[in-house]
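One structure is given here, and the rest of the page talks about it.
Small disclaimer: the values here were computed from a predicted structure and weren't measured.
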Amino acid sequence: MKFTVLGSFEISHNGQPCTPSAPKVRQVLALLALRARQVVSLDALIEELWNESPPRSAVTTAQTYVYQLRKGFDALAGGGPDDPLLFTRPPGYTLELGGSTLDASEFDRLLDTGQSLLEEGDSHRAADILRDALALWSGPVLANVSCGPLLRGYAAHLEERRITALELRISADIRIGRHRELIPELKSLVSVHPLNEWLHAQLIIALNTTGRRGEALRAYQELRALLNRELGLDPSAELQRIHQAVLTSDRAPERASELAVSRA
């Protein structure tokens, strides 16, 4: 059985989709999947489903959702040892994935491996592995789930991890010398994340390194105006140093990209 959360929440068994159609049941299963092999208390389920306004029937209703999930697993898996099973574990429930897979777990493994390779100086392998990690994503976390407070927290954490993987992969590509290839992607990224100064810095570095000094200077000025307008701030000291290096045509922007790797 395969669980995916890096995009729409989907479950497949032997290649066949079997995601619960009932929104609340899907929400319960998403929380159990993201906390696989851990006990999820009944109180946590109630908090996720209804936050601070649970109905009087909250305990019975939550138990009914779990019962529906257990019936579904039994029908699919037949209780096999390598299939995911839902157990009662006071004060709540545990989803044992067994031989099943969760894309978020695979993403974490690839991200950690890629980061270690980059720190060891193996930029080519790091870039490939981090690219594989990012390829697991198909959209926002749990895009088809109405998330309560607990799932929103998990989603925010995973989105931050996604940005980390993206920054590390860009750092690896820069170390390899793929500045020209990165420019279209970086332009797109700064439009999606306009206040991410790290991404703006890499765009300025890539433009300057490929001989597009005027565009690099214009990119800095546009960021400076944006930060002043939106936050009343100037660019960071690091970005100002990169800007000065572009103005004087020295090699500092390349070294700045190396410094950025250690911060990612």
Side-chain angles (χ1 to χ4, degrees), residues 6-7 111 114-115 117-119 121-141 143 155-264:
L6 304 179
L111 172 53
Q115 184 166 12
L117 287 169
L118 190 58
E119 291 170 353
D122 193 344
S123 300
H124 283 87
R125 287 183 61 202
D128 289 342
I129 287 175
L130 291 165
R131 195 167 280 108
D132 289 342
L134 292 165
L136 294 172
W137 289 71
S138 61
V141 176
H157 171 74
L158 285 168
E159 292 289 353
E160 285 296 323
R161 294 276 285 172
R162 183 185 191 180
I163 293 294
T164 296
L166 181 63
E167 291 182 351
L168 288 169
R169 200 224 75 221
I170 290 170
S171 295
D173 282 339
I174 285 178
R175 285 186 177 187
I176 295 167
R178 295 173 176 164
H179 301 84
R180 193 176 303 278
E181 296 92 331
L182 281 170
I183 289 173
E185 180 184 12
L186 287 168
K187 285 187 173 183
S188 175
L189 286 170
V190 298
S191 69
V192 175
H193 305 283
L195 299 180
N196 187 315
E197 292 187 65
W198 190 91
L199 290 172
H200 283 277
Q202 306 319 300
L203 175 59
I204 293 167
I205 290 167
L207 289 167
N208 186 64
T209 303
T210 54
R212 296 159 69 170
R213 184 183 179 200
E215 289 183 63
L217 293 171
R218 185 162 58 251
Y220 175 83
Q221 294 301 335
E222 289 173 353
L223 172 62
R224 182 181 180 184
L226 173 69
L227 291 174
N228 184 265
R229 182 174 65 253
E230 296 294 328
L231 303 175
L233 298 174
D234 289 326
S236 66
E238 181 67 19
L239 261 168
Q240 291 182 45
R241 192 178 77 80
I242 293 172
H243 175 241
Q244 186 62 34
V246 175
L247 284 172
T248 57
S249 299
D250 67 23
R251 300 295 294 173
E254 289 288 350
R255 294 196 296 273
S257 72
E258 295 299 313
L259 291 172
V261 173
S262 65
R263 293 200 306 271

Fill in the blank from the handout: Between Ala126 and Gly114, the two heavy atoms sitting closest are CB-O, 3.5 Å
Practice task
May I ask you to decide if Leu247's main-chain N or O and Arg213's side chain share a donor-acceptor pair within less than 3.5 Å?
Solution key: yes
Exercise for the section: Please name the pair of heavy atoms, one in Ala219 and one in Ile204, separated by the smallest distance, quoted to 0.1 Å. Expected result: CB-CG1, 4.0 Å
Handout entry: Pairwise distance OG1(Thr210) to CD1(Ile183) - rounded to 0.5 angstrom
Key = 3.5 Å
Practice task
Can you measure from CG (Leu226) to CG (Leu231) and round to the nearest 0.5 angstrom?
Solution key: 7.5 Å
Problem - Interatomic distance, Leu207 atom CG to Arg180 atom CZ [nearest 0.5 angstrom] - result: 10.0 Å
Practice task
State whether the side chain of Thr209 and the backbone N or O of Ala206 hold a donor-acceptor pair below 3.5 Å, judged by distance alone.
Solution key: no
Fill in the blank from the handout: Closest non-hydrogen contact found for Ser171 with Leu118 is CB-CD2, 4.2 Å
Completion exercise
Heavy atoms of Arg175 and Ser123 approach each other most closely as CD-OG, 3.4 Å
Handout entry: Exam field: side chain Gln202 to backbone Leu186, donor-acceptor pair closer than 3.5 Å
Key = no
Handout entry: Closest approach of Ala127 to Asp173 (non-hydrogen atoms, all atoms of both residues)
Key = CB-OD1, 3.6 Å
Exercise for the section: Measure the spacing between CD1 of Ile163 and CG of Leu199 and express it to the nearest 0.5 Å. Expected result: 7.0 Å
Handout entry: Close side-chain approach of Asp128 to Arg131, heavy-atom, < 4.5 Å
Key = yes
Problem - Donor-acceptor contact below 3.5 Å, side chain His200 vs main chain Pro194 - result: yes
Handout entry: Gap separating the CG atom of Leu130 from the CZ atom of Arg125, nearest 0.5 angstrom
Key = 11.5 Å
Practice task
Taking Ser188 for its side chain and Pro184 for its backbone only, find out whether a donor-acceptor pair lies under 3.5 Å.
Solution key: no
Practice task
Give the minimum heavy-atom separation between Glu159 and Trp137, together with the two atoms involved.
Solution key: OE2-CZ3, 3.7 Å
Handout entry: Worked check of salt bridge (Lys or Arg N to Asp or Glu O under 4.0 Å) between Glu185 and Arg178
Key = CA-CA 12 Å; Glu185 180 184 12; Arg178 295 173 176 164; over 6 Å; no
Problem - Enclosure of Arg224 CZ (heavy-atom neighbours >12, cutoff 6.0 Å) - result: no
Problem - Distance in Å, Leu223 CG paired with Asp234 CG, rounded so as to fall on 0.5 Å steps - result: 10.5 Å
Handout entry: Worked verdict on Leu166 versus Arg169 for side-chain contact (heavy atoms from CB on, under 4.5 Å)
Key = CA-CA 5 Å; Leu166 181 63; Arg169 200 224 75 221; 3.7 Å; yes
Handout entry: Stepwise side-chain contact (heavy atoms from CB on, under 4.5 Å) test for Leu227 and Leu195
Key = CA-CA 7 Å; Leu227 291 174; Leu195 299 180; 4.1 Å; yes
Handout entry: Backbone N/O of Leu239 and side chain of Glu197: donor-acceptor pair under 3.5 Å
Key = no
